[in-house]
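What follows is a set of notes on a single structure, which appears directly below.
Keep in mind it's a predicted model, so treat the numbers as computed, not measured. Below, chains carry the letters A, B, ... as their sequence lines are ordered, and counting in each starts from 1. The basis for the numbers below is simple: all heavy atoms, side chains too, and nothing from hydrogens, waters or symmetry mates.
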Amino acid sequence: MFKRTHTCGEITAALERQIVTINGWVDRVRNLGGVLFVTIRDRYGKIQVLFRPEDGSLFSEAASLHGEDVVAVTGEIAKRPEGAIKEEMGGAVEIIAQRLEVLSKAITPPFYIHLESDVNEELRLAYRYLDLRRQRMQKNIMLRHQVVQTVRAYFNARRFLEIETPILTKSTPEGARDFLVPSRLKQGKFYALPQSPQLFKQLLMVSGFDRYYQIARCFRDEDFRADRQPEFTQIDYEMSFVDQRDIMDITEGVLKAVFESVLGIAIETPFTVLSYTAAMDTYGTDKPDLRYGLSFCDVTDHFKDSGFEPIRQAIQNGGVLKGFKVAGAAPRYSRKMLEEIENLAKKAGAKGLLHAKAVKETDSTGTLTLKTNFDRHLSAFEGENLMKAFSLEDRDICFLISGERKTVNVALGVLRGEIAKRESLIPKDIFRFLWVVDFPMFSYSEEERRFVAEHHPFTMPYLSDLESYKDTDPTKIRAHAYDVVLNGWEIGGGSLRIHSREVQKTVFDLLGIDEAGQKSKFGFLLDAFQYGVPPHAGCAMGLDRLVAILAGEEFIRDVIPFPKTTSGICQMTGAPSDVENEQLEKLSLKFIKDAR
RNA sequence: GGGGACGUGGUGCAGUUGGUUAGCAUGCCGGUCUGUCACACCGGUGGCCGCGAGUUCGAGUCUCGUCGUCCCCGCCA
């Protein structure tokens with residue numbers, strides 16, 4: 001084989017008249033009869049090679065090249081003639097061929113490699129190795145590499161140790177469903193694949209490795225989404241002797257480094273910090289997209305004596321009347337559109353949707369009046385306050401929902417997102433980070449009929465809250481937990497961890513995990529905590545989501561080299577697949593019903 | 001578990017109220033062509049319309065089932 005002296009991307013005018021050898025794939029062949037152009041591609045770029053008829057057998061051999069053949073070409077770098085220079089097409093130079101070696105022939109691929117045209121994703125996944133050859137995926141995978149390397153460099157420079165934790169580990173009852181791996185040596189028992197390295201990184205703190213990080217693969221056996229795969233990668237880190245702000249600083253620092261190195265963008269730190277309650281009250285979600293406004297305004301106080309029964313009753317029952325304004329959008333909301341929006345609100349849990357349009361009278365007075373879908377029940381006083389509260393101007397519209405606070409928030413949050421989309425209020429190419437902090441420690445699971453941890457059971461609760469509410473209303477207990485949110489995506493989260501055996505036991509008690517359960521499931525952690533555990537805290541960021549955002553991709557599949565489909569299938573390998581009965585027997589496993 | 005969208009030459013799409021021969025672009029094959037770069041031009045090849053039932057004189061089109069893909073809800077500490 002003629003080994004390459006240069007990559008395709010390295011060939012520039014500066015190398016004019018040098019003899020070089022390149023290795024790569026045939027991108028395109030353009031045979032003009034008397035002269036033949038072959039574009040060669042590698043991951044560094046593309047370069048045009050020129051074959052001339054006077055070269056005889058070399059020319060005829062080149063004429064039989066096909067797309068995706070792998071070749072070695074030796075030739076002289078030459079400036080293209082005047083008039084044939086197309087900078088944007090790949091430069092001003094080309095290689096005049098002297099020698100060609102076909103390293104391997106390719107059959108016609110099932111889809112275009114050289115074009116960015118749409119291809120059925122199923123097919124892309126079945127031929128992922130070809131899909132990955134395409135420019136977009138090459139760019140994404142290289143970008144992912146760059147992110148990972150930047151992260152490593154950042155942590156390494158700050159005394160963090162990269163430490164691996166087990167992939168075969170113990171099943172934990174809390175949280176997502178585990179992937180299970182049967183044990184052959186301990187028949188009837190199972191390993192689980194880790195949902196995250198959570199417990200191990202805490203134990204590393206106990207061991208004294210006070211700054212840990214890992215690019216960690218995590219596994220969760222739950223249904224998929226555009227931003228969820230059964231296995232995914234976290235940038236996982238943990239520190240001892242720190243407080244929440246220290247973790248935030250490190251997180252902001254690593255994000256800053258990544259955005260700087262990958263996009264050349266300087267992001268502003270520190271990020272905005274919003275409490276969970278404030279986020280819910282203002283945006284109706286715990287991961288608000290701050291690239292646009294549409295924040296909520298509470299007008300409950302002005303409607304306590306509303307003549308509109310649903311509003312009055314909701315408020316009397318401790319509920320609220322809230323909404324948000326869409327400036328200048330009133331003329332776009334026809335009756336049909338409003339009906340559509342109302343249906344959305346109802347689907348999101350609202351009982352109904354009120355709207356108010358501000359209209360300037362066309363007469364000489366030019367007064368601003370409100371047109372609402374509850375005019376009959378709206379007093380002048382209420383209307384005035386509505387206008388004031390939302391600073392309504394001509395052609396503005398505001399949407400209002402009344403009811404129980406949480407329901408109203410969530411429904412308005414859904415509307416906010418939908419209307420931002422419809423009104424094209426979401427600016428491109430900007431990055432709005434924020435921290436959401438003080439999440440509730442527990443929520444009540446109707447299904448399990450017990451309290452469950454909102455973050456995870458090792459999160460430090462506000463000790464004063466714990467004292468006040470553990471016996472009355474545990475959902476009121478706040479946690480020292482924080483999420484980092486970017487453009488409406490939760491890209492990471494973490495918490496201060498419990499480092500007291502007693503607090504940990506109180507939390508387990510509240511979760512309804514009894515003494516025996518604590519011992520069998522988390523005994524090793526509780527044991528460890530008896531031997532001197534440092535106060536510690538940590539965070540984990542979703543690498544796939546982060547890379548997707550940086551790459552401008554909507555789906556994390558497009559930044560994962562070999563992803564699964566939404567039904568958990570690998571189109572390329574066919575996994576999951578049948579196994580031999582012998583394999584099952586070695587594991588003492590058999591089907592209780594014929595799944596095949 | 002539930003809802004929605006989709007499945008037509010290798011690829012991307014069109015296909016009317018059910019109607020006779022399923023179109024278009026591109027690829028692929030052959031030819032012409034000495035400066036192209038999505039080369040151009042000429043000719044050709046290529047389809048069990050995902051699969052299976054049903055309705056009908058007749059189904060790519062309608063109905064039911066099934067398989068696959070995608071999106072959303074539930075779920076994801």
Side-chain angles (χ1 to χ4, degrees), chain A residues 27-40 46-55 59 63 66-68 78-92 94 96 107-127 130 172-178 195-196 198-199 218-230 232 344 347-349 414 417-418 439-443 445-448 451-459 479 481 483 490 493-495 507 511 513 540 542 554-555 557 564-569 571:
Chain A
D27 192 60
R28 298 290 286 171
V29 180
R30 291 177 296 279
N31 189 343
L32 275 64
V35 62
L36 176 62
F37 300 102
V38 179
T39 311
I40 307 297
K46 292 179 184 178
I47 185 69
Q48 173 168 286
V49 178
L50 169 67
F51 293 89
R52 293 173 303 196
E54 53 267 37
D55 298 332
F59 184 86
H66 288 87
E68 306 311 317
K79 275 210 179 100
R80 296 192 190 184
E82 208 66 32
I85 297 171
K86 296 207 173 178
E87 293 286 353
E88 76 279 11
M89 298 312 305
E94 62 193 356
I96 299 170
I107 59 171
T108 305
F111 50 79
Y112 307 106
I113 309 295
H114 65 284
L115 290 180
E116 291 303 310
S117 60
D118 278 349
V119 179
N120 183 335
E121 189 166 13
E122 205 175 334
L123 199 68
R124 286 175 54 202
L125 292 175
Y127 296 91
L130 293 181
T172 51
E174 297 288 304
R177 192 176 298 117
D178 284 322
Q195 297 174 26
S196 81
Q198 185 60 38
L199 296 174
C218 306
F219 306 86
R220 291 174 193 178
D221 190 6
E222 298 290 348
D223 289 356
F224 305 178
R225 284 288 187 286
D227 60 353
R228 280 182 359 215
Q229 282 273 309
F232 59 98
L344 265 168
K347 236 175 127 183
V414 170
E418 180 63 27
F439 278 79
M441 180 77 196
F442 303 102
S443 61
S445 163
E446 295 291 345
E447 195 183 329
E448 295 182 58
F451 292 100
V452 294
E454 274 284 312
H455 187 60
H456 58 58
F458 318 106
T459 303
D483 276 0
E490 180 202 324
S495 59
V507 168
L511 290 172
I513 304 173
E554 194 177 346
F555 308 114
R557 283 190 302 275
K564 313 268 187 298
T565 68
T566 46
S567 56
I569 290 167
Q571 292 285 354

Give one of base, sugar-phosphate or nothing for [X], where a contact means two heavy atoms less than 4.0 Å apart.
X: A/Gln195; result: nothing
X: A/Leu36; result: nothing
X: A/Glu94; result: base
X: A/Thr39; result: nothing

Legend entry - Nearest-0.5 Å distance that lies between atom CZ in A/Phe439 and atom CD in A/Glu454: 8.0 Å

Nearest-angstrom distance from the residue atom [atom1] of [X] to [atom2] of [N]:
X: A/Glu222; N: B/rC75; atom1: CD; atom2: P; answer: 10 Å
X: A/Glu116; N: B/rG12; atom1: CD; atom2: P; answer: 15 Å
X: A/Ile107; N: B/rC28; atom1: CD1; atom2: C1'; answer: 12 Å
X: A/Arg52; N: B/rU36; atom1: CZ; atom2: P; answer: 17 Å
X: A/Asp221; N: B/rG1; atom1: CG; atom2: P; answer: 12 Å

Could you pull out all residues at least two apart from [X] that satisfy salt bridge (charged side-chain N to carboxylate O under 4.0 Å, His left out)?
X: A/Arg177; answer: A/Glu222
X: A/Arg124; answer: A/Asp131, A/Asp558
X: A/Glu446; answer: none

Inset, instruction - Quick one, give me the B/S/- string for nucleotides 6-11 of chain B, reading 5' to 3', where B means a protein heavy atom under 4.0 Å from the base and S means that only happens at the primed atoms, P, OP1 or OP2. - result: ----BB

Inset, instruction - Not counting sequence neighbours, which residues clear ring-ring contact (aromatic ring centres under 6.0 Å, His included) with A/Phe232? List them please. - result: none

Legend entry - Test ring-ring contact (aromatic ring centres under 6.0 Å, His included) applied to A/Phe451 - qualifying residues, sequence neighbours left out: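 Partners of A/Phe451 under the ring-ring contact (aromatic ring centres under 6.0 Å, His included) test: A/Tyr444.
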
Which residues satisfy the side-chain contact (heavy atoms from CB on, under 4.5 Å) test with [X], sequence neighbours excluded?
X: A/Val414; value: A/Ala348
X: A/Glu448; value: A/Ser445, A/Arg450, A/Val452
X: A/Glu490; value: A/Lys287, A/Asp483, A/Arg545
X: A/Arg28; value: A/Arg30, A/Thr39, A/His114

Legend entry - Pairing of A/Glu121 and A/Arg557 as salt bridge, 4.0 angstrom limit: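 Looking at A/Arg557 together with A/Glu121, the answer is yes, because their closest N to O distance falls below 4.0 Å.
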
Is the phosphate of [N] approached by [X] (side-chain N or O, under 4.0 Å from OP1 or OP2)?
X: A/His114; N: B/rG27; answer: no
X: A/Arg30; N: B/rU36; answer: no
X: A/Ser567; N: B/rU69; answer: yes
X: A/Gln571; N: B/rU69; answer: yes

Inset, instruction - Provide the distance between the two C1' atoms, one in B/rU20 and one in B/rG52, to the nearest whole Å. - result: 26 Å

Legend entry - Base B/rC37 to side chain A/Arg80, donor-acceptor N/O within 3.5 Å cut-off: yes

Legend entry - N/O donor-acceptor pair, side chain A/Arg28 with base B/rU36, under 3.5 angstrom: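 Not at all, since no donor on one side and acceptor on the other fall under 3.5 Å apart.
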
Legend entry - Any-strand Watson-Crick or G-U partner of B/rC24, both distances under 3.5 Å: B/rG12

Inset, instruction - Find out whether A/Phe37 and A/Val29 are in side-chain contact, i.e. whether some heavy atom of one side chain is under 4.5 Å from a heavy atom of the other. - result: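 A/Phe37 does not reach A/Val29 side chain to side chain.
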
Using atom names, set out every protein N or O paired with an N or O of nucleotides 41-49 of chain B below 3.5 Å, distance rounded to 0.1 Å.
none

Protein-nucleotides 71-73 of chain B N/O pairs under 3.5 Å:
residue	atom	partner	partner atom	Å
B/rC71	OP1	A/Arg557	NH1	3.2
B/rC71	OP1	A/Arg557	NH2	2.8
B/rC72	OP2	A/Ala226	N	3.4
B/rC73	OP2	A/Arg225	NE	3.0

